[in-house]
Amino acid sequence: MYLKCLEVVGFKSFADPVRVDFHRGVTCVVGPNGCGKSNVLDAIRWVLGEQSAKALRGGSMQDVIFSGTDTRKPIGMAEVALTFAECEDALGTEYHEVRVARRIYRDGHGEYEINKTPCRLRDIHRLFMDTGIGRSAYSIMEQGKIDKILSSKPEERRAVFEEAAGITKFKTQKKEALRKLEATESNLIRVSDIIKEVNRQIGSLHRQANKAKRYQELFDRLKLLDTHLAARDYTALEEQRVSSQARHQALQMEFNELQGALESQEEQLQLMQKQLETGRQKRQELERETTRLETEKEKAEQTIEFNQRRIHELTDLTHSAQKDVMEAEE
Ligand code: ATP
Ligand code: MG
């Protein structure tokens with residue numbers, strides 16, 4: 001396997017797309033101070049998954065994006081792609097070439113790809129494990145790093161040698177297996193807790209089931225008794241209904257008879273009312289006749305009184321005339 005090419009765009013000082021083809025036998029990158037040699041190395045570290053902004057000589061991860069110069073505006077995204085060739089044996093893949101890529105945007109959103117397929121950082125770590133390639137592997141030694149390795153703690157040094165010897169993968173696998181074992185153990189403990197809890201629940205469920213059975217039995221008995229009671233009530237009500245019906249019929253007949261009698265009496269009443277009316281009219285006529293006769297009687301009485309007074313007067317006249325006659329005779 002060998003490093004075939006590096007493509008960089010928007011990363012640090014590489015504003016324009018840059019493609020660096022590493023021909024076989026390339027052993028160094030040369031250039032004046034500040035020309036971007038370390039940026040090339042940073043790009044390689046970054047695409048392999050570097051998570052420390054400090055290790056990339058920045059404050060935050062977004063600092064790797066081209067931040068502009070006096071003559072150029074900043075860019076919104078940085079992308080680096082690294083291609084390896086003859087990968088079959090070293091990476092254990094079926095691909096001849098493997099291209100890993102990483103992208104980051106100003107909002108901090110980032111993504112990884114292996115051969116143009118989106119993937120996770122873990123997939124990239126796993127791909128290069130035990131190959132000596134990787135952000136923490138010995139293959140990348142920046143300025144001053146050799147000193148640091150020589151003066152670092154024995155455990156850190158050991159990690160570098162382990163990676164070089166290709167046993168990191170197995171150590172990681174062991175760690176993972178131990179972790180799984182631990183998880184399984186805790187699962188086992190949880191399961192036995194659950195079993196205990198379920199056993200406890202079984203007792204209570206058993207009691208509940210007995211209660212439910214007893215309830216069902218009592219409920220059935222209640223239903224039966226209810227049915228009997230309803231049947232008894234029904235019979236009594238039915239008897240009551242029959243006798244009530246008979247009584248209703250008898251009363252209806254009586255009612256009909258009374259209705260007939262009432263009708264004939266009403267007819268009679270009407271007849272009598274008519275007779276009463278004619279009687280009344282006759283009485284009025286008689287009263288009028290009485291009044292007329294009384295008036296006539298009064299008139300006759302007045303005539304009598306007048307005539308009697310006249311008789312008295314004439315008698316008196318006769319007496320005085322007789323007296324006059326007698327006086328004259330005398
Ligand atoms: P030396 O020989 O001193 O080690 P070098 O060749 O390694 O130098 P680098 O450190 O790779 O140089 O590059 C430094 C240059 O990269 C500086 O000019 C710096 O301004 C530029 N640079 C770094 N980050 C960015 C960025 N985000 N945007 C624009 N330019 C950047
Ligand atoms: Mg440098």
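Order of listing sets the numbers, starting from 1, for every ligand and every atom in it.
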Can you check salt bridge (Lys or Arg N to Asp or Glu O under 4.0 Å) on R72 and D16, steps first, answer last?
CA-CA 11 Å; R72 284 201 72 147; D16 293 317; 2.8 Å; yes
Does NZ or CZ of R120 fall inside the cone over Y112's six-membered ring, less than 6.0 Å from its centre and within 45° of the axis?
no
Heavy atoms from other residues, nucleotides or ligands near CD of E197 exceed 12 (cutoff 6.0 Å):
yes
Report the residues that fulfil side chain to side chain contact (heavy atoms under 4.5 Å, CB included) with S60, sequence neighbours left out, ordered by chain and then residue number.
Q62, D63
Is it true that F84 and F22 have ring centroids separated by less than 6.0 Å?
no
Under 3.5 Å between any N/O of I65 and any N/O of ligand 1: does that happen in this structure?
yes
Does at least one non-hydrogen atom of L41 fall below 4.0 angstrom from an atom of ligand 1?
no
State the atoms of ligand 1, each with its element, that fall below the 4.0 Å cut-off from a heavy-atom position in R57.
9 (P), 10 (O), 11 (O)
When rounded to the nearest 0.5 angstrom, what is the spacing between CG in L48 and NE2 in H125?
8.5 Å
With only distance considered, is F66 within less than 3.5 Å of ligand 1 through an N or O on each side?
no
Of all the atoms in ligand 1, which lie at a distance below 4.0 Å from a heavy atom belonging to S38?
4 (O), 5 (P), 7 (O), 10 (O), 11 (O)
Examine all N, O or S atoms of N33, backbone included, and report whether one is under 2.8 Å from the Mg ion (ligand 2).
no
Would you call E296 and R292 a salt bridge, taking side-chain N to carboxylate O under 4.0 Å as the test?
yes
Could you tell me which atoms of ligand 1, counted from 1 in the order shown, lie closer than 4.0 angstrom to a heavy atom of G36?
5 (P), 6 (O), 9 (P), 11 (O), 12 (O), 13 (O)
Should the proximity of V40 to ligand 1, defined as any heavy atom under 4.0 Å, be assigned to the side chain, the backbone, both, or neither?
neither
Just jot down the ligand 1 atoms closer than 4.0 angstrom to any heavy atom of D63, in number order.
27 (N)
At less than 4.0 angstrom from any non-hydrogen atom of S67, what atoms of ligand 1 do you find?
26 (C), 27 (N), 28 (N), 29 (C)
